[in-house]
Amino acid sequence: MKALIHITLKEGILDPQGKTIHHALQTLGFTAMAEVRTGKLIEISLAGVDPARAHALVEEACRKLLANPVMENYSYTIVE
């Protein structure tokens, strides 16, 4: 079983990396892209747990370590 965790900056938090990527895309001619926001994808393998326990473990890991609740939002999916 695998957890795929997607972490993004909250709306209103400055994203300098996203701005840099946006500028580079504009320079390369991708002018239709109005805004770029960056994030993180974390992939965790889980062993010996049922889906309900996997959700509980991932939720706790996100709250305690993986995401900063002041600046970031997170979502995740559990894949069999």
Side-chain angles (χ1 to χ4, degrees):
M1 185 174 316
K2 208 175 268 195
L4 301 174
I5 304 159
H6 187 227
I7 300 170
T8 57
L9 291 170
K10 288 185 175 183
E11 203 60 41
I13 301 293
L14 295 178
D15 185 357
Q17 185 178 15
K19 292 273 187 214
T20 301
I21 293 168
H22 180 251
H23 178 72
L25 288 168
Q26 296 285 312
T27 301
L28 292 171
F30 296 98
T31 57
M33 297 179 185
E35 184 181 9
V36 176
R37 303 282 291 171
T38 61
K40 298 180 271 188
L41 174 65
I42 300 172
E43 185 176 314
I44 298 175
S45 295
L46 301 159
V49 294
D50 60 48
R53 181 71 179 136
H55 280 278
L57 287 171
V58 171
E59 180 68 33
E60 185 176 4
C62 288
R63 282 187 293 105
K64 288 186 173 181
L65 176 69
L66 301 177
N68 177 347
V70 174
M71 299 175 47
E72 297 172 320
N73 293 317
Y74 65 88
S75 62
Y76 60 88
T77 55
I78 305 295
V79 182
E80 297 286 330

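The two atoms that bring Asp50 and Met1 nearest to each other are C-CE, 4.1 Å, heavy atoms only. Nearest heavy atoms, Arg37 versus Leu14: NH1-C, 4.5 Å. Listed here is the closest heavy atom pair of Glu43 and Leu4: CG-CD2, 3.6 Å. Closest of all the heavy-atom pairs between Cys62 and Ile5 is SG-CG2, 3.6 Å. Taking each heavy atom of Thr38 and Gln17 in turn, the nearest pair found is OG1-OE1, 3.7 Å.
Atom OH of Tyr74 and atom CD of Glu59 lie 3.5 Å apart (nearest 0.5 Å). Atom CG in Asp15 sits 7.5 Å away from atom CD1 in Ile21 (nearest 0.5 Å). The NE2 atom of His22 sits 8.0 Å away from atom CD of Glu35, with the distance rounded to the nearest 0.5 Å. Of the inter-residue distances, the one linking Arg53 atom CZ with Ile78 atom CD1 reads 12.0 Å to the nearest 0.5 angstrom. Annotation: the span from Leu28 atom CG to His23 atom NE2 amounts to 9.5 Å, rounded to 0.5 Å.
Of the candidates Leu46, Leu66, Ile44, Val49, Val58 forms a side chain to side chain contact (heavy atoms under 4.5 Å, CB included) with just one, namely Leu46.
Around atom NE2 of His6, more than 12 heavy atoms belonging to other residues, nucleotides or ligands sit under 6.0 Å away. Shown here is Lys2, whose NZ atom has no more than 12 heavy atoms of other residues, nucleotides or ligands within 6.0 Å. Applying the 6.0 Å contact sphere to CG of Leu41 captures more than 12 heavy atoms from other residues, nucleotides or ligands.
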Go through the steps to decide whether Thr8 and Glu72 satisfy the test side-chain contact (heavy atoms from CB on, under 4.5 Å), and finish with yes or no.
CA-CA 5 Å; Thr8 57; Glu72 297 172 320; over 6 Å; no
